[in-house]
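Every chain is numbered from 1 and lettered A, B, ... according to where its sequence line falls, protein lines coming before strand lines.
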Amino acid sequence: MADEGGTDDPAAEEEYEYFFTGNVQFEGEALEGVLITVEGNGFDADTETDADGRWTIGVPEKAEYEVTLDQDTLPEGVVVLEGQDTVTAEFGLTKRKAVNFFLGEGQRVTVNYFDQVVQRVVSGLNFGLLLALAAIGLSLIFGTTGLSNFAHAELITFGALMVLTFGVNLAWPLWLAIIVALVLSAALGWTLDAALWKPLRRRGVGLIQLMIVSIGLSLALRYTYQFFYGGSTSQLPGATLPSDIRFGAVALSWVDLVSMGVSIVVLLAVAFFLLRTRIGKATRAVSDNAPLASASGIDVDRVIRIVWVLGALLAGLAGILWAYFRPGVSWDMGFQILLLVFAAVTLGGLGTAFGALVGSLIVGLFVEVSTLWLPSDMKYVGALVILIVVLLFRPQGILGRRERIG
Amino acid sequence: MDWGAIFGNAAVELISPTTAAYALAALGLAIHFGFTGLLNFGQAGFMLLGAYGYAIPALKLGWPWWACLLTSLLASVIFALILGIPTLRLRADYLAIVTIAAAEVLRLTFTTNEFAPVTGSANGLSEYQRDLLTLNPLPDGRYGFGPWVFSDRAWFFLILGWIVVILAALLTWLLMRSPWGRVIKGIREDEDAVRALGKNVYSYKMQSLILGGLFGTVAGIIFVMPRAVVPSYFQPTLTFFIYAILLLGGAATILGPILGSIVFWVLLSFFSGFIARAVEAGWLPFMTQVQAGQLRFILVGVAIMLIVVFMPQGILGNKKELAFVK
Amino acid sequence: MSSEITPKAKPVKSTGLHVGDPAPGVKKVDPILIADGVKRTFGGLTAVDVEHVEIPRNAITALIGPNGAGKTTFFNLLTGFDKPDTGDWSFEGRSLAHIPAYRVARMGLIRTFQLTKSLGLLSVMENMKLGAKDQTGENIFRGLIPSLWRKQDREIEDKAQDLLKRFKLDAKKDDYAASLSGGQRKLLEMARALMSDPTLVMLDEPMAGVNPALTQSLLDHILDLKAQGMTVLFVEHDMHMVRHIADWVIVMAEGRVVAEGDPHEVMQDQAVIDAYLGAHHDTDLGSTDTGHVEAIKELIDDEQ
Amino acid sequence: MTNSEPTASPVLEPTGDMVVEVRDVTAGYLPGVNILNSCSLTAREGELIGIIGPNGAGKSTLLKSIFGLVKVREGGIFLQGEEITNLKANKLVAKGVGFVPQTNNVFPSLSIQENLEMGVFQKPKDLKHRLEFVTEIFPDLKKRLGQRAGSLSGGERQMVAMSRALMMGPHVLLLDEPSAGLSPVRQDEAFLRVKEINRAGVTTIMVEQNARRCLQICDRGYVLDQGRDAYTGTGRDLLNDPKVIGLYLGTLGTDE
Amino acid sequence: STGGTSEPEESEAPAETGDAQPIEAGERDLTLKVGTILPQSGALAFLGPPEEAGVALAAQDINDADLGLQVEVVYRDSGDTTTDTATVSVTDLLSQDVSAIIGAASSGVSKTVIDQIVAAGVVQFSPANTSADFTNYDDNNLYWRTAPSDVLQGEVLGNLIAEDGNATLGMIVLNDAYGTGLAQFTRDAFEAAGGEVVAEALFNEGDSSFDAQISEVTAANPDAIALITFDQAKIITPALVGSGYPGDKLYFVDGNLSDYSADFAPGLVAGSKGTLPGLDVGTLGDFTDRLLEVDPALQDYSYAAESYDALVLIALAAYAANSVEGTDIASYLRQVSGGSGEGEKVDTFAAGAEALAEGNQIDYDGPSGPVTFDENGDPTEATIGIFQYLDDNTYERIGDG
Ligand SMILES: Nc1ncnc2c1ncn2[C@@H]1O[C@H](COP(=O)(O)OP(=O)(O)OP(=O)(O)O)[C@@H](O)[C@H]1O
Ligand SMILES: Nc1ncnc2c1ncn2[C@@H]1O[C@H](COP(=O)(O)OP(=O)(O)OP(=O)(O)O)[C@@H](O)[C@H]1O
Ligand SMILES: [Mg+2]
Ligand SMILES: [Mg+2]
């Protein structure tokens, strides 16, 4: 229903500069032929509502008027509550003033509390799985090299930006764009390690120093993205298609389903990799004691390279899903969730892959569910407070282990 | 290219109150991280408390400047206690995330519209300097020499800021060469060992957290004095920059943070001026004015990386330490 | 750098430390530390389960036992670095349960760590000075005024200098502790513990990795300290050392105290030999003669 | 027994192929500070070499520089005639060299089993039978293969560390104080096993502070002092050399 | 841009005449140096290009007019408040002796630098600030702005939503001066017209996803939803419509009314409406085309007209004062805008300068609308356009508020 909002009754327009306008509805249905009177400052005029229940009356000056609805012209069975048939209305700064009469009980069907909780829980889980995908890469890199990689956010953004470049700017088919984006993400991880981290490790630069390097890298990459992609948000192909797969109160889109599915499968695969494969165990060995790992015949640099490639790949994948889930691609999209990703990894226990998963789910849930009680502009507060509280009781994180002393 | 202006502007940053504020905040971090080994990533939170702790009583209660100052110091101590009690037991990397989280909780609390009447929410607060300005002994007008021509008000805040920085550096120097400083440095290396020697590690860590936090708090006040306060100043990025400054100067040094802050701001100003003029002069034809603004941050990021790569111990840091870093 | 060792006369052993027969948990004439029912489990594993043990004052007590017997864990529990599931223990009559580690240390009970904890980026001298107790300048406010602590600091430094010389670390005093070799760290750990003039010092394998010649001269120092009234409790696997200086030996196995007594007697105990010392403990293991290999193999097989 | 002057040249020149040769090596950690000063050492096929010396003499540094963990500044290191100076550790493992460091010698967050698996990283197929071999030497480990190494006692760690190196079935074995922290019976066992393994053809270089025991079993000993190979001789000779006794071995345990 | 929003003077009636200073007739020979601190980097960077283009176009027009006043513009970055770039930029600009500084876009950034600029006696002129704090700021009369008042737009939007027959309204609002100010006046107008705001969910700059806000608002099942945001609408809208809310019941505002044809699935927001201050493009002639000539990469035109007018007004005031001193310019700004109540209506710099050269008072109205300043330097009037989205997610003007 595309009303001509703002266009005026041509007759009135010629006569006066200022207008009252409004609607008369009963239980949400427009009422036609209801008589409306405007009175005041020695002026008085009336009109009837049209088929859409709307009316407009021009008045000569900007002042206070009484707008009255004539009860007698209402259809059978419709009544106006005592005293609500007349409204005193005054113009503000503009030349138009709306006066509506909404009659009847006006029952709005709101979503009940339980359904709201269910909705939030589902989107919290969905968000949590997505965070987990991003977090697990971070956790892997931390676990293997001890580096808190603040540039992980930019690896997340990278995946999405590549799909944007190939899928939208170059208009390649989406599946191809995604594959290329993932390959490039992995390549970025490889390159970063080869060009930056490996030489730094060689020189024995400390972990905190490396962390600051990652902060610098994050800054440089982020603004490079802004340099080339600008400051605004774009959408990937198909990201804005409305869809309604409904499970009771919960509306999910195909994007949500795919992203949940992909997250679960990938997370299981990573867990298998870490716990069961030789390289997976080697990553943990390297993180514990790199010189000893080397003395055991493990090619430390190669293991770290693999982890970087894998971490960047997972981050890129998370970025693509994130671009669909949000939806939108922008230069700082990864940076915006970096803190949540870190919180998730820490909450679960630094360097433990399952910890990252558990932590992510908790953070995701808290972000979404906590706004049932918190103002929505404080929605991250819930997740951050839970992080602090959990660490109060388990300083080593949920799945982390305490080291023995002595 | 107007090199004079570029260097002149860079020279202004040499002594600007912002430089002083960052230097002081970095000095606080030096106490936390450089000397005690506390990976506090919530310095922005302490600065926020300084700024709001000063501004709110000044504006809403009309308190005199010293009462406002005390309020923010008190707020900072309370924050340090609340933050410290649960977190000082944590391993360094956990502590980092928790302190970021706590600072973010603070920032979001000051941002939310719920408390807008007190905090001004995202719009922040302004014009709380009046009472302090009544102390300004300088005559009205703009004066100075070379590139350093400022209004009396700017001079006043500038001088005040640097006096505080010098006092703080002196205090830190005295402390770090005392047995107290030795315990603190011992804790950085291995707190269990220090505990086994009969030192109350928890209490020392708390003292360090409070002291460094107070520096951050005063830095917050210095930072917002010449301007207004909005919560978005105090994002994690602020702490990141302060860390960069700290490492640039040398983490476990006293003059390092100050030198780091000066170098950081002079460089930033230099990049800004140079790139903008280079684009204006058509030296970078492929680039728009808008991209020039972004290029500067790319360069800052790269500069941070290069500094750490080529001087991992910082300008004033001890090179020998490098052989043993973990 | 090495110096000749002039073997001293045999150390004077303290005797008459216990009341009644030397059995596990035997009462001591003058106990300084008493532990009662101290138990610590990790998951299903009972690491420490000590019913009753007393450590005699002004004597050198050795705590020995197989690997994993719970010696280090017991140390951790006594010094507040770990919390037992149950149990009471007291030091000089004051209960130590729920007392944090640093306060235990302040009461005069200092321990060292088996896996050394040197303060890497502090110089060796600073490591030592940190060990001294009751330093005025360790208070943040008094620390600000050098005149308040200068004098004390100098005294501490002199003392540290002496100890370092004894421990053959004086040449390294201005180097970072991180640059010490494994054995030097052990030495530093012990020297640092001695800085605070402890009433009871608990050493966890202090001589593992220390050169035997140096060990010998350090033992003399420990004996000196005992003569000045200090009590020592140490864990050690070097039986020569135990025999040489220990006045009393406590044997732990699988978390329990299984034997106590005079070093020579305990080491004759068949159970101790079986579980801990091994049958050919005092025999020469080697002989270049290759025919011996078979015999060696047999020896090992006997063990199992 | 009457050697008042320790001999600088070995009494007994063993025959057999040169396996490890350290030729005038100078090495150190900090720039400008040399820990090893043109230090030399040789080990022939099947030899068991013991290295003793005061604390801080550079024994660990010597082993680390053989294994490529400390940068060699001058001189060269050869493995069966091939130069391996500053070669990366994992390459050396591939060449059959095993190493047990003095400290930090386990992976604390890995279980014992996983620690041992890391030992056969390059030959995963050998896992099963090597595992049997190793747990036979240290039966204590067998019961608790799932325990995290970080929670082990000092002696248990040491066992894990040695087992890890034995897992790879090395051709050359470098041991840095393998007996430290072990109970006497385990120490004896460890020494005997080392001897046994050595007799099976593994050239072994072992640093020990338990000097007597070490010299009792080894073919040849080196005494290192201040980064130089001060004395060398057969184990027996050194054991009985009064100078060596006075400077390095002490008299504890002999006069009782 | 942001605004707790000043209550603009209820002054359709011009201030009493006679407080206008006389204009000296005759030729001018002035060189005016103006700086900008508009966002090139940071979170608000998407606002920078149209604003800088507006300034550049104005400079081009002024210089082409060749009437004895040449402007030179120095562009610097304001960053956002997280980076504290603005102070460095202002130091740089002041060192080049600019007479006026156009910017910043964000009220927070403006607050950061206002003291520094004002203390130097330079005019600060924001094209986008709407925060109420500036109205009575101690600025020596040097702070000005062309940004339309939130009161106006809020009222138009509130009335529009009511007129369309919506009884209940939900709002998703950016928590900053701009968002909360505009939301407040929209709510006032809507509730005065008999409607009810049933849900208002705020989010912060830098928030990444808006699920919580969307479910909070849709849970209340309002007849219409107003999105009072900047660029975030690009994320919120598809998520909102994707969750099942009708795409024709949304209302947009100046911060986010843009061409979504490239971003959204066709028809996603067809029928939804929005408000945008400024004159009808039809009456402006080729303003947007000319902007595109200046910067072909422009994607939208937010605050371009306000920026254009800012520079033209500064130039006219300098012309009127026959001086490029900041304080002199400031003392003429109000009267060239028509704020002192008299003067010939002009709508280009050339016309204005010619009139001034003859010694006449002028009243400049530019592409951003009938600009008229009150004594605080705030605009009192604005034209607010009403727009509606078409099936291809582009929008067209359907009236004025
Ligand atoms: N945190 C822990 N988690 C699980 N098991 C532990 C933990 N700490 C100790 N243990 C186990 O408890 C037992 C006792 O360990 P403890 O370190 O006390 O032995 P110890 O007697 O000092 O041995 P050693 O002579 O080898 O040093 C060991 O088997 C060890 O594996
Ligand atoms: N990482 C290091 N950095 C600098 N110097 C070091 C480092 N490690 C050891 N050193 C120094 O090198 C010398 C030799 O050390 P090394 O560890 O080789 O001694 P060691 O003979 O193995 O002694 P120990 O028997 O005590 O283990 C010592 O003086 C020590 O201080
Ligand atoms: Mg032990
Ligand atoms: Mg060694």
Side-chain angles (χ1 to χ4, degrees), chain C residues 1-5 7 42 45 64-73 114-116 168 172 179-184 186-187 204-205 208-216 219 237-241 243-244 275-281 284-288 290 293 296-297 299-300 303-304, chain D residues 29-30 52-61 102-103 136 139-140 144 151-159 176-177 180-189 191-193 195-196 199 209-213 215-219 225-226 234-236 246-253 255-256:
Chain C
M1 72 170 264
S2 11
S3 62
E4 290 284 343
I5 308 250
F42 297 106
L45 180 100
I64 62 173
N67 296 123
K71 304 179 294 295
T72 301
T73 309
Q114 180 176 9
L115 302 173
T116 53
K168 294 242 168 72
K172 294 236 129 208
S179 76
L180 296 183
S181 73
Q184 288 170 330
K186 269 262 140 85
L187 294 168
D204 201 348
E205 301 197 21
V210 175
N211 179 265
L214 183 55
T215 303
Q216 200 165 353
L219 292 185
H237 290 306
D238 178 351
M239 287 307 114
H240 302 305
M241 174 176 161
R243 236 176 266 157
H244 185 67
Y276 181 57
L277 298 173
H280 33 262
H281 157 250
D284 190 327
L285 285 181
S287 142
T288 40
T290 39
V293 175
I296 293 171
K297 272 195 183 147
L299 272 174
I300 296 172
E303 295 285 315
Q304 283 152 20
Chain D
Y29 302 89
L30 298 177
I52 61 167
N55 294 113
K59 304 181 294 296
S60 303
T61 310
Q102 181 175 6
T103 51
E136 195 186 311
D140 295 10
R144 34 174 72 186
S151 67
L152 293 177
S153 80
E156 290 163 346
R157 270 176 194 242
Q158 204 64 25
M159 298 182 210
D176 198 346
E177 305 203 15
L182 293 182
S183 71
V185 59
R186 293 276 169 271
Q187 275 185 31
D188 292 348
E189 264 170 42
F191 281 120
L192 289 172
R193 284 293 179 177
K195 181 90 185 167
E196 189 196 7
R199 283 294 126 98
Q209 287 298 4
N210 196 342
R212 274 173 204 288
R213 274 279 193 258
L215 293 177
Q216 279 169 12
I217 63 160
C218 66
D219 298 324
D225 203 343
Q226 302 196 21
T234 62
R236 290 284 145 194
L247 289 175
Y248 309 109
L249 299 181
T251 51
L252 202 63
D255 56 354
E256 273 162 299

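- Of the listed residues (C:Val210, C:Asn211, C:Leu187, C:Thr116), the one with the most heavy-atom contacts under 4.5 Å to chain D is C:Asn211.
- Across all their heavy atoms, C:Gly68 and D:Ser153 have their closest contact at N-OG, 3.3 Å.
- Only the side chain of D:Glu177 has a heavy atom closer than 4.5 Å to any heavy atom of chain C.
- Highest contact tally toward chain C, considering only D:Ala180, D:Gly154, D:Ser151, is held by D:Gly154 [criterion: heavy-atom pairs under 4.5 Å].
- Heavy atoms closer than 4.5 Å to chain D are found in the side chain of C:Leu45, but not in its backbone.
- When all heavy atoms are compared, the tightest approach of D:Gly181 to C:Ala208 is N-CB, 4.3 Å.
- At distances below 3.5 Å, at least one donor-acceptor pair connects side-chain atoms of D:Asn55 with backbone N or O atoms of C:Gly209.
- Rounded to the nearest 0.5 angstrom, D:Thr103 OG1 and C:Lys186 NZ are separated by 10.5 Å.
- Here the closest heavy-atom approach between residue C:Gly65 and residue D:Ser183 is recorded as O-CB, 4.5 Å.
- Atoms CG and CG, from C:Leu277 and D:Asp188 in turn, are 9.5 Å apart once rounded to the nearest 0.5 Å.
- Judged by distance alone, the side chain of C:His237 and the main-chain N or O of D:Pro184 form no donor-acceptor pair under 3.5 Å.
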task: Show your reasoning for whether side chain to side chain contact (heavy atoms under 4.5 Å, CB included) applies to D:Gln209 and C:Thr215.
output: CA-CA 10 Å; D:Gln209 287 298 4; C:Thr215 303; over 6 Å; no

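- With a 4.5 angstrom heavy-atom cutoff, C:Leu180 does not touch chain D via any of its atoms.
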